[in-house]
Structures are given as structure tokens and as C-alpha cells.
Participant: 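Here it is: the structure, laid out below.
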Number of protein chains: 2
Amino acid sequence: MLSSTEENYLKAIYKISERDNKAASTNAISSEISTSAASVSDMLQRLSSKGMTHYEKYKGVTLTEQGNKIATNLIRKHRLWEVFLVEKLNFTWDEVHDLAEQLEHIQSPDLVNRLDQFLEHPKFDPHGDPIPDADGNFTHRRQIELTNLATEEIGTLVGVQEDSSTFLKYLDRMGLSLGTELKVLEKFEFDGSVKLLVNNKEQITISNKVCKNLFVKK
Amino acid sequence: MLSSTEENYLKAIYKISERDNKAASTNAISSEISTSAASVSDMLQRLSSKGMTHYEKYKGVTLTEQGNKIATNLIRKHRLWEVFLVEKLNFTWDEVHDLAEQLEHIQSPDLVNRLDQFLEHPKFDPHGDPIPDADGNFTHRRQIELTNLATEEIGTLVGVQEDSSTFLKYLDRMGLSLGTELKVLEKFEFDGSVKLLVNNKEQITISNKVCKNLFVKK
DNA sequence: TTCTATTTTTAGATTAGTCTAAATTTATTA
DNA sequence: TAATAAATTTAGACTAATCTAAAAATAGAA
Ligand SMILES: [Mn+2]
Ligand SMILES: [Mn+2]
Ligand SMILES: [Mn+2]
Ligand SMILES: [Mn+2]
């Protein structure tokens with residue numbers, strides 16, 4: 001049984017390895033969880049002695065099968081709780097992440113599966129991220145960055161890269177939510193901003209930075 | 001903001017003070033939370049310096065208004081989560097306590113009230129214990145120990161003293177649950193055991209120890 | 001009231017997780 | 001390839017929470 005702290009390290013390693021497709025470096029973990037590199041270095045040795053990670057000094061760290069299983073299960077719990085908070089308790093999508101960060105550490109063999117059943121086995125969380133099943137398998141979805149949509153092409157918003165509260169609130173203000181249909185009207189080469197037709201109604205212009213954080217399905 | 005550990009001390013102090021109607025002693029707390037008296041003594045000084053308790057060396061400890069508020073809110077959260085687990089996730093009443101012990105420490109100003117709303121403001125938890133409202137007020141119910149029911153009297157089972165899994169499972173086996181109607185058929189003076197008519201159907205005999213753990217409403 | 005038993009507190013040590021500063025290793029650049 | 005920069009690890013210290021053993025205070029009994 002791992003502590004919440006140890007679990008958070010596993011999650012960070014999982015996230016970084018997936019993003020960069022290589023072993024997670026001490027510094028990467030350090031900035032991911034806002035902890036000093038010295039503390040991270042220390043923890044990596046402990047996690048390895050517990051069989052959670054493969055670690056060679058100065059070479060970075062990867063998850064063992066066991067570590068991967070725990071990390072995946074944490075993600076499963078995190079995302080299921082987010083669905084619960086939005087669907088059942090009517091929280092908004094920008095409010096649930098921090099709460100899920102706490103709830104994902106609740107220890108119970110049964111709870112997560114009962115929650116899954118209660119929510120009717122959702123495949124995606126409120127931010128469009130896939131929820132792994134009990135065996136750790138993710139539903140894969142063909143999605144592309146909005147920046148890769150050509151002029152006149154149409155896509156449906158299915159996910160976001162970032163899930164900071166400020167970004168999500170900005171999307172709400174712009175009338176953008178998961179399922180929204182977007183048509184690219186014009187792409188401005190100057191700064192990469194894009195003019196969109198939203199749900200065949202309003203026209204809005206969003207910056208390149210926003211574009212890069214939106215995933216659509218053609 | 002207090003740690004889970006500190007919160008558990010406040011809960012223990014609350015529980016003991018209520019039960020014994022006096023300041024909680026170091027030893028009482030020690031046995032309540034299975035921690036050495038030395039550790040308790042140490043923690044009591046810390047809690048007092050944080051304004052959570054009134055503490056005088058060798059004289060025991062009581063909660064301040066602030067400490068009381070936090071303890072009451074923990075009980076509120078604990079019991080609401082128990083209702084959630086039983087009503088929504090179909091856990092049995094003997095499975096939920098340990099999970100609620102974890103869930104009660106989730107920090108969120110909003111969560112508990114939304115949960116309360118989602119559950120439609122339950123007044124009692126699955127063990128018949130009252131759930132305090134947002135202001136800390138408990139619903140009081142006139143209930144008596146089953147041992148105080150005379151022969152031929154009828155009562156409805158509304159609560160249990162103990163909520164250990166073994167006791168609750170025993171009650172399940174005997175066909176006893178909250179709401180069950182009980183008629184006292186015979187009281188055996190020899191060992192204090194009692195013969196009951198359950199829901200006007202079966203007859204069972206239960207020990208004095210069991211009797212003392214059951215609350216009924218006439 | 002005085003001795004003894006019980007309760008409580010203090011002293012000193014331990015573990016997890018963290019930090020800063022210093023040392024070491026690896027990577028980059030001239 | 002040698003010097004320098006960056007990344008990583010080690011050393012040493014701190015806090016929260018715990019323990020055991022010892023000291024001190026209180027309560028109970030003779
Ligand atoms: Mn999240
Ligand atoms: Mn999410
Ligand atoms: Mn309980
Ligand atoms: Mn209960």
C-alpha cells in the first residue's frame with residue numbers, strides 16, 4: 001500500500017513518460033509536482049526499492065508493470081470522480097480537478113467499480129479524457145488539434161489539452177464546450193489565430209494558444 | 001487547515017466528551033484512536049496552540065467553538081458519505097464505515113452541501129445516527145434501549161450503538177434492520193436475554209449484549 | 001495524611017517527506 | 001577534447017506524527 005505522496009509520483013511519472021515517450025527525468029518530475037529535484041531524487045530510490053519503478057541513477061525512471069497498474073488505476077479513479085462531480089453533483093468542469101486529486105487517493109477495492117457502474121461506465125471524463133477500464137485499457141479516439149483543421153473544414157470539440165480553471169472558464173465564456181461543432185472560417189497566418197463558426201451560429205476568433213489546446217474530431 | 005490526523009483527534013475528543021459529559025482524558029483519547037498516551041499528550045498541546053481545544057495539563061481537554069464546528073462537520077461528512085455509499089452505490093451497512101473514515105477528510109467548502117442536496121437532505125445515516133445540518137444542528141429523536149422495553153411492548157428498530165462489521169452482519173443474519181418492528185415476548189432474568197417477535201412473523205432470542213446495542217422507538 | 005497505584009507528561013529516538021547547499025555526473029560548446 | 005553549463009545526487013537539517021522509557025503529577029487506599 002502506497003501513500004498519497006508516492007501515488008502522486010507514480011502519476012507524474014506516467015504522465016511525463018506518455019507525453020515525452022521516454023524515461024521521466026528528475027527535473028521533469030520536479031516541475032510536474034512542484035517539489036525540489038533533491039526530494040524527487042530521494043523518492044525515486046524509494047519507489048524503486050518498492051518495485052514501482054525502474055531507476056538508474058542519472059538515467060531517469062520508468063514505471064514497472066505494477067507501478068503502471070497503480071498509476072492507471074489512479075487515472076481511472078480521478079476521471080470517474082470527475083464524472084460523478086459533474087453529472088451527479090452539478091459541479092462545472094472547471095471546478096472538479098482539485099477535488100478529484102483528493103478523491104483519487106481513497107483506498108477501496110470495490111469503490112471505483114461501483115462508482116463506474118453507478119455512472120453507467122462512462123468512457124470519457126468531463127474534459128474529454130478517456131477513462132481506462134478495470135483492466136487499464138483506454139478507449140482510443142481519433143482526434144486532432146484544432147490547428148490541424150484546414151479552412152472550411154468542420155470538427156466537433158471532443159477534448160482539451162489543458163484543464164486549468166482559467167482556461168475552462170474562458171471556453172465557457174466563448175460558448176465552447178465538448179460536443180460543440182466548429183467550422184474554420186479563416187486562419188490568420190500573422191499570429192496563428194483562427195476565426196470559427198460555432199454551432200452554425202456565432203462567429204468567434206480565438207488565439208493560436210487556445211487552438212493548440214483544443215482537440216476536435218472531423 | 002488541519003491534517004487528517006488532527007481532524008481525527010478532534011472527532012475523538014468530541015465523541016468522548018459527548019459520551020462522558022466531561023473533558024476528554026489523555027487515556028480515553030489514547031484508547032479511542034489506538035495511539036500511545038505520549039503521542040496524545042503531545043498532540044493536545046499542538047491542538048490547543050491552534051485554538052482547537054481548551055487544554056490544561058493533567059486536566060483533560062475540551063473543544064473550542066472552532067474545534068467543535070470542525071468535529072461536527074466531520075461527522076456530517078462521514079454520515080452523508082455513508083448514506084451515499086449505501087443508497088447510491090449499494091454497499092451494505094457493515095461495509096461503509098471505513099470508507100467514510102477516509103471520505104470525511106476530503107476538503108471542499110462545497111462538496112458536502114452538494115452531496116447533501118443530491119441525497120435529498122437525509123436526517124439519519126444507515127446506522128440510524130443523526131446527520132447534523134450545515135449549522136451543526138442534530139435532529140433529536142426519542143429513542144430508548146431495547147432493554148428498557150417491557151414484556152408485550154412493541155418498538156421499531158431505529159438505531160445501533162455499535163457499528164462494527166461483525167455486529168451488523170449478525171443483525172442481518174437475525175433479520176434485523178432499521179425499521180424492523182419488534183415485540184418483546186419474554187425477558188429472561190437469568191442472563192438478560194430477550195425473546196422477540198420480528199415484524200409479526202419470526203421469533204428470535206437475542207442476548208443482553210445485543211439488546212443493549214439496539215435502540216427502538218415506541 | 002501518607003504511601004502507592006494510576007495517569008499524564010517529558011525526553012529522546014524514528015520515519016516519511018520535504019528543503020537548501022554542496023558535490024558529482026552528464027551534456028554542450030568552443 | 002577540454003572547459004563550462006546543466007542536471008542529478010548526496011549531505012545535513014527540519015517538521016509532523018509516532019514510539020518507548022523515564023519522570024512527574026494526581027488520585028485512591030490504608
Ligand atoms: Mn483532472
Ligand atoms: Mn479530467
Ligand atoms: Mn461510521
Ligand atoms: Mn454511521
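So you know, we letter chains A, B, ... as the sequences are listed, proteins then strands, and number each from 1. Note that the structure is predicted; figures quoted are calculated from it, not measured.
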Participant: Once you round it to whole Å, what is the distance between C1' of D/dT10 and CG of A/Leu44?
Facilitator: 14 Å

Participant: Taking all atoms of both residues into account, what is the closest heavy-atom pair of B/Arg76 and B/Ile131, and its distance?
Facilitator: O-CG2, 4.2 Å

Participant: Can you tell me the distance, in whole Å, between the OH atom of B/Tyr55 and the P atom of C/dT7?
Facilitator: 15 Å

Participant: Indicate whether OP1 or OP2 belonging to C/dT10 is found under 4.0 Å from a side-chain N or O atom of B/Lys57.
Facilitator: yes

Participant: Distance check needed: D/dA17 C1' versus B/His105 NE2, whole Å only.
Facilitator: 15 Å

Participant: So with a 6.0 Å cut-off around NZ of A/Lys187, is the heavy-atom count from everything else above 12?
Facilitator: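 More than 12 within 6.0 Å, yes.
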
Participant: Considering only nitrogen or oxygen atoms on both sides, find all protein atoms under 3.5 Å from nucleotides 18-20 of chain D and state each distance.
Facilitator:
{"unit_1": "D/dT18", "atom_1": "OP2", "unit_2": "B/Tyr9", "atom_2": "OH", "d": "3.4"}
{"unit_1": "D/dC19", "atom_1": "OP2", "unit_2": "B/Ser36", "atom_2": "N", "d": "2.9"}
{"unit_1": "D/dC19", "atom_1": "OP2", "unit_2": "B/Ser36", "atom_2": "OG", "d": "3.0"}
{"unit_1": "D/dC19", "atom_1": "OP2", "unit_2": "B/Ser39", "atom_2": "OG", "d": "2.7"}

Participant: Angle class for the B/Phe167/B/Tyr170 ring planes (parallel below 30°, perpendicular above 60°, tilted otherwise)?
Facilitator: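 The rings of B/Phe167 and B/Tyr170 lie parallel, inter-plane angle below 30°.
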
Participant: To the closest 0.5 Å, what do you measure between CG (B/Leu103) and CD (A/Gln102)?
Facilitator: 10.5 Å

Participant: Give a yes or no on whether the backbone of A/Ser39 and the side-chain of A/Ser41 come within a donor-acceptor separation of less than 3.5 Å.
Facilitator: no

Participant: How many Å lie between CG on B/Leu2 and C1' on D/dA17, as a whole number?
Facilitator: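 So the two atoms are 14 Å apart, to the nearest Å.
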
Participant: Output the rounded distance in Å from NZ (A/Lys50) to C1' (C/dT15).
Facilitator: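 Distance check: A/Lys50 NZ to C/dT15 C1' gives 11 Å.
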
Participant: Identify the residue among B/Glu18, B/Glu6, B/Glu101, B/Glu32 that makes a salt bridge (charged side-chain N to carboxylate O under 4.0 Å, His left out) with B/Lys11.
Facilitator: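 Only match with B/Lys11 under salt bridge (charged side-chain N to carboxylate O under 4.0 Å, His left out): B/Glu101.
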
Participant: Think A/Thr26 has a side-chain N or O under 4.0 angstrom from the OP1 or OP2 of D/dT9?
Facilitator: yes

Participant: On the nucleotide D/dA6, are OP1 or OP2 found under 4.0 Å from the side-chain N or O atoms that A/Asn27 carries?
Facilitator: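 No, because none of the side-chain N or O atoms of A/Asn27 sits under 4.0 Å from OP1 or OP2 of D/dA6.
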
Participant: Atom OH of A/Tyr58 to atom C1' of D/dT8: distance rounded to whole Å?
Facilitator: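 Going from A/Tyr58 (OH) to D/dT8 (C1'), I get 5 Å.
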
Participant: For A/Lys59 and for A/Ser3, find the nucleotide of DNA chain C with the closest heavy atom, then tell me which residue's nucleotide is more 5'.
Facilitator: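 The residue whose closest nucleotide sits nearer the 5' end is A/Ser3.
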
Participant: Could you tell me how far apart A/Ile29 (CD1) and C/dG17 (P) are, to the nearest whole angstrom?
Facilitator: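 Whole-Å distance recorded here is 15 Å.
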
Participant: Separation of B/Met1 atom CE from D/dA16 atom P, in whole Å?
Facilitator: 16 Å

Participant: Decide, yes or no, whether a salt bridge links B/Glu145 with B/Lys212 under the criterion of side-chain N to carboxylate O below 4.0 Å.
Facilitator: no

Participant: Where the side chain of A/Gln45 is concerned, which of D/dT10, C/dG17, C/dT10 is the nearest nucleotide?
Facilitator: D/dT10

